[in-house]
J.: 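Before I ask anything, here is the structure I am working with.
Atoms considered below: every heavy atom in the structure, side chains included; atoms not considered: hydrogens, waters and symmetry mates.
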Amino acid sequence: MLIIIHLLLMFAASLCLLAGVGLARFGRKRKFWLRGHKNLNSAGGILLTAGGVMAFVNIILTGSDHLAELHHRIGFIALMLTFLTVFLGFYSLKASNKSVFRAVHRWSGRLSPIAILAALTLGLSMIGIF
Ligand code: HEM
Ligand code: HEM
């Protein structure tokens, strides 16, 4: 059951994050792009965290090992990259050297969706969908 919730939360998180990144990439001419980007990606980060907690608890309840499979490790990297990206996004709004933090944010913001899509594909292949 927890793994079904994990899957649903991760799907919802991926949709929010991809929409948020799409807005930053292709919707920059719209006035609301930054608000939309911030809200969609913050919601995505929260859903991703909740999904990660479900997987973590499921591993404990089933007595398996943490980070034992490739999906688990790529998923963990995706979570860490997403936390870093959200932090850099907020920090870059008020940092004195904004351009450096924004450049790092743009790069971690490209890597994190790649890691998320890889984790999603590996997760779906674990249950025989791919
Ligand atoms: C954004 C996508 C995803 C991320 C970031 C992610 C992340 C994780 C992480 C970090 C773990 C390991 C937890 C630990 O070692 O304590 C895990 C476990 C797991 N995930 Fe995912 N996941 C994602 C999508 C999926 C999908 C789509 C499925 C398909 C059902 C799935 C199925 C599983 C399963 C079966 C486990 C092992 C749970 C266990 O052995 O009790 N994941 N995931
Ligand atoms: C995991 C969450 C996030 C991801 C994956 C992400 C990803 C990205 C990407 C890929 C870009 C560059 C778009 C382009 O021009 O190609 C970008 C730009 C930006 N993001 Fe995010 N972002 C996230 C969260 C946030 C948050 C929470 C904020 C603010 C609170 C934020 C603020 C910004 C700003 C200000 C820019 C413009 C940077 C510049 O070009 O100078 N981001 N983001």
Side-chain angles (χ1 to χ4, degrees):
M1 184 59 194
L2 282 183
I3 276 310
I4 305 291
I5 302 176
H6 170 67
L7 175 143
L8 294 174
L9 285 168
M10 290 317 195
F11 262 129
S14 306
L15 287 178
C16 285
L17 291 165
L18 292 177
V21 171
L23 199 56
R25 192 87 192 86
F26 306 110
R28 291 277 276 267
K29 290 205 176 87
R30 292 165 202 266
K31 252 204 278 176
F32 62 85
W33 85 267
L34 185 56
R35 191 159 31 92
H37 178 70
K38 200 160 62 170
N39 292 343
L40 280 165
N41 285 328
S42 301
I46 292 168
L47 289 166
L48 205 74
T49 308
V53 170
M54 294 301 148
F56 186 84
V57 172
N58 197 62
I59 298 246
I60 292 175
L61 294 180
T62 54
S64 340
D65 290 329
H66 292 292
L67 307 181
E69 308 229 9
L70 186 60
H71 165 76
H72 304 188
R73 291 193 284 268
I74 300 283
F76 183 73
I77 291 171
L79 274 165
M80 293 302 118
L81 275 171
T82 306
F83 292 151
L84 175 74
T85 308
V86 171
F87 168 76
L88 287 170
F90 279 108
Y91 192 71
S92 74
L93 296 180
K94 50 183 181 182
S96 50
N97 44 352
K98 288 187 174 53
S99 57
V100 175
F101 285 97
R102 287 196 177 175
V104 184
H105 172 77
R106 281 200 300 275
W107 274 105
S108 68
R110 285 168 195 151
L111 293 177
S112 90
I114 294 174
I116 287 171
L117 290 178
L120 209 56
T121 312
L122 288 167
L124 292 176
S125 81
M126 279 169 83
I127 55 166
I129 291 185
F130 268 128

J.: Contact between I116 and S14 at the side-chain level, heavy atoms closer than 4.5 Å - yes or no?
T.: yes

J.: Could you give the distance from CG (L79) to CD1 (I74), rounded to the nearest 0.5 Å?
T.: 12.0 Å

J.: Using residues 49-57 as the side-chain source, report each donor-acceptor pair under 3.5 Å to any protein atom, sequence neighbours left out, with the distance given to one decimal.
T.:
unit_1 : atom_1 : unit_2 : atom_2 : d
T49    : OG1    : G45    : O      : 2.7

J.: Taking only residues two or more places apart in sequence or in another chain, which ones pass side chain to side chain donor-acceptor pair (under 3.5 Å) with T82?
T.: none

J.: Applying side chain to side chain donor-acceptor pair (under 3.5 Å), name anything that partners S64, two or more places apart in sequence or on another chain.
T.: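 So S64 forms a side chain to side chain donor-acceptor pair (under 3.5 Å) with T62.
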
J.: Return each pair, listed once, that meets side chain to side chain donor-acceptor pair (under 3.5 Å) where at least one residue sits in residues 17-44; pairs must be two or more places apart or across chains.
T.: H37-N41

J.: Determine all donor-acceptor pairs shorter than 3.5 Å in which one atom belongs to a side chain in residues 123-130; sequence neighbours excluded.
T.:
unit_1 : atom_1 : unit_2 : atom_2 : d
S125   : OG     : L122   : O      : 2.9

J.: Return the minimal non-hydrogen interatomic distance between V21 and P113, and the atom names on each side.
T.: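 Closest approach of V21 to P113: CG2-CG, 4.1 Å.
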
J.: Using a side-chain heavy atom cutoff under 4.5 Å and only I, L, V, M, F, W and Y, what cluster partners does V86 have?
T.: F90

J.: Give a yes or no on whether L48 and L7 share a hydrophobic cluster (residues Ile, Leu, Val, Met, Phe, Trp, Tyr; joining criterion: side-chain heavy atoms under 4.5 Å apart).
T.: yes

J.: In terms of hydrophobic clusters joined by side-chain contacts under 4.5 Å, are L120 and F83 together?
T.: yes

J.: If hydrophobic clusters are built by linking Ile, Leu, Val, Met, Phe, Trp and Tyr wherever their side-chain heavy atoms come under 4.5 Å apart, do V104 and L84 end up in the same one?
T.: yes

J.: Please list all pairs passing the side chain to side chain donor-acceptor pair (under 3.5 Å) test where one or both residues lie in residues 100-120, with sequence neighbours left out.
T.: T85-S108

J.: Could you pull out all residues at least two apart from S96 that satisfy side chain to side chain donor-acceptor pair (under 3.5 Å)?
T.: none

J.: Transitively linked via ILVMFWY side-chain contacts under 4.5 Å: F32 with L34?
T.: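 Yes; L34 is reachable from F32 via cluster members.
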
J.: With sequence neighbours excluded, tell me which residues meet side chain to side chain contact (heavy atoms under 4.5 Å, CB included) with L67.
T.: H72, R73, F76

J.: Could you list the residues that satisfy ring pair (Phe, Tyr, Trp, His ring centres under 6.0 Å) with F101, not counting sequence neighbours?
T.: Y91

J.: Taking side chain to side chain contact (heavy atoms under 4.5 Å, CB included) as the definition, give me every residue that meets it alongside L47, ordered by chain and number, with sequence neighbours left out.
T.: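 By the side chain to side chain contact (heavy atoms under 4.5 Å, CB included) rule, L47 matches L9, A12, A13, C16.
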
J.: Which residue pairs pass the ring-ring contact (aromatic ring centres under 6.0 Å, His included) test with at least one member in residues 7-27, sequence neighbours excluded?
T.: none

J.: For the pair T121 and H71, evaluate side chain to side chain contact (heavy atoms under 4.5 Å, CB included) and give the outcome as yes or no after the intermediate values.
T.: CA-CA 9 Å; T121 312; H71 165 76; over 6 Å; no

J.: Measure the spacing between CG of L88 and CG of L81 and express it to the nearest 0.5 Å.
T.: 10.5 Å

J.: Same hydrophobic cluster for M10 and I5, using side-chain heavy-atom links shorter than 4.5 Å among ILVMFWY?
T.: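 M10 and I5: separate clusters.
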
